[in-house]
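Report on the following structure.
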Amino acid sequence: FLTFVFFKHGERIYNFIYEIAPFEKETKKALFNQINETFSAVIRGQLLTSVAQATVAGILFTALGIPLPLFFTFLIFLTSLIPVLGAASIWLPISVYLLFMHLYVKAIILFMLGFFGISLLDNIMKPAIIGEKTKLPYFLLFFGIMGGMKFYGLMGIFLAPVVLSLFFALIKIYREKYL
């Protein structure tokens, strides 16, 4: 629901908040530029991480001889965009299926590389990509995203980096203006 509201009325909401923000023009401009950069970094991080996870999964599915590797690769891409589902919602059932088909070696390989390769990419790449653009500390961003997801779900991925970014931007402005 919130996503729909932001897509439909996002520009008006942004302009309203920009107008009522109680800061000097330069400060306001710096803060809102920081917010824009953070949102673009989060979206870029989410998309690049999903592409990387899908690429690794596609190579793994092809190497293991999984039927319809392109289809499952596409599903990995889609589900990795959704934090609650994630890539494991695709590779884990396939691994279980291989286990039931008595293809033990393939099942173990898929499980191990799925867990330590495909799914771990999300925890490593996303904070690195977002942190590079926003100049936020990697470990703080990682825990911020995890906490944001726990408390706010999907929106937490976007809110946590923005809140952290704003916090550091406000500290910087405070130092420059008052110290």
Side-chain angles (χ1 to χ4, degrees), residues 1-58 73-91 117-179:
F1 176 72
L2 281 176
T3 307
F4 172 76
V5 170
F6 284 126
F7 276 129
K8 183 158 175 57
H9 302 292
E11 189 173 343
R12 288 193 330 197
I13 293 169
Y14 179 88
N15 290 334
F16 174 75
I17 293 172
Y18 188 86
E19 288 174 15
I20 66 167
F23 299 109
E24 297 172 3
K25 189 174 185 177
E26 292 173 16
T27 303
K28 198 185 299 191
K29 187 175 181 181
L31 284 175
F32 279 78
N33 281 341
Q34 184 71 30
I35 290 170
N36 285 334
E37 285 182 20
T38 303
F39 270 121
S40 78
V42 169
I43 291 168
R44 184 180 310 109
Q46 186 70 28
L47 286 173
L48 289 175
T49 301
S50 295
V51 167
Q53 286 180 296
T55 302
V56 170
T73 300
F74 180 69
L75 287 180
I76 290 274
F77 173 76
L78 289 179
T79 57
S80 64
L81 288 171
I82 304 166
V84 177
L85 289 176
S89 65
I90 302 300
W91 65 258
I118 299 168
S119 290
L120 199 58
L121 274 175
D122 187 47
N123 297 334
I124 295 170
M125 279 187 66
K126 197 180 302 172
I129 293 168
I130 296 169
E132 177 187 339
K133 184 73 174 165
T134 61
K135 306 294 187 253
L136 292 172
Y138 178 84
F139 73 95
L140 189 62
L141 191 57
F142 173 77
F143 287 115
I145 290 172
M146 293 298 136
M149 284 175 44
K150 179 174 174 44
F151 289 110
Y152 300 107
L154 179 62
M155 290 300 292
I157 290 176
F158 299 99
L159 291 177
V162 170
V163 169
L164 286 171
S165 184
L166 276 176
F167 175 74
F168 284 110
L170 287 170
I171 287 175
K172 181 181 175 191
I173 290 168
Y174 177 78
R175 281 183 176 166
E176 290 172 358
K177 296 245 183 220
Y178 301 108
L179 297 180

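All figures in this text were calculated on a predicted structure; none of them were measured in a lab. The analysis underlying the following values was restricted to heavy atoms, covering all of them including side chains, and did not include hydrogens, waters or symmetry mates.
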How long is the gap from [atom1] on [X] to [atom2] on [Y], to the nearest 0.5 Å?
X    : Y    : atom1 : atom2 : value
L47  : K126 : CG    : NZ    : 10.0 Å
Q53  : T79  : CD    : OG1   : 8.0 Å
I35  : T134 : CD1   : OG1   : 13.0 Å
R175 : I173 : CZ    : CD1   : 12.5 Å
Y174 : T27  : OH    : OG1   : 14.0 Å
E132 : R44  : CD    : CZ    : 8.5 Å

Answer yes or no: are there more than 12 heavy-atom neighbours, outside F74 itself, under 6.0 Å from its atom CZ?
no
Name all residues meeting the salt bridge (charged side-chain N to carboxylate O under 4.0 Å, His left out) criterion together with K150; count only those two or more places apart in sequence or in a different chain, and write none if there are none.
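K150: no salt bridge (charged side-chain N to carboxylate O under 4.0 Å, His left out) contacts found.
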With a 4.5 Å limit on heavy-atom distance, are the side chains of [X] and [Y] in contact?
X    : Y    : value
I90  : I118 : no
E176 : K172 : yes
F167 : L140 : no
I124 : T49  : no

Least distance between heavy atoms, A160 atom then G144 atom
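Here A160 and G144 meet closest at CB-O, 3.0 Å.
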Can you see which heavy atom on T73 is nearest to which on A54, and at what distance?
CG2-O, 3.1 Å
What is the ring orientation for Y18 with Y14, classed by angle as parallel under 30°, tilted 30 to 60°, or perpendicular over 60°?
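Y18 and Y14: parallel rings.
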Residue of the set I130, T38, L141 for which side chain to side chain contact (heavy atoms under 4.5 Å, CB included) holds with L164
L141
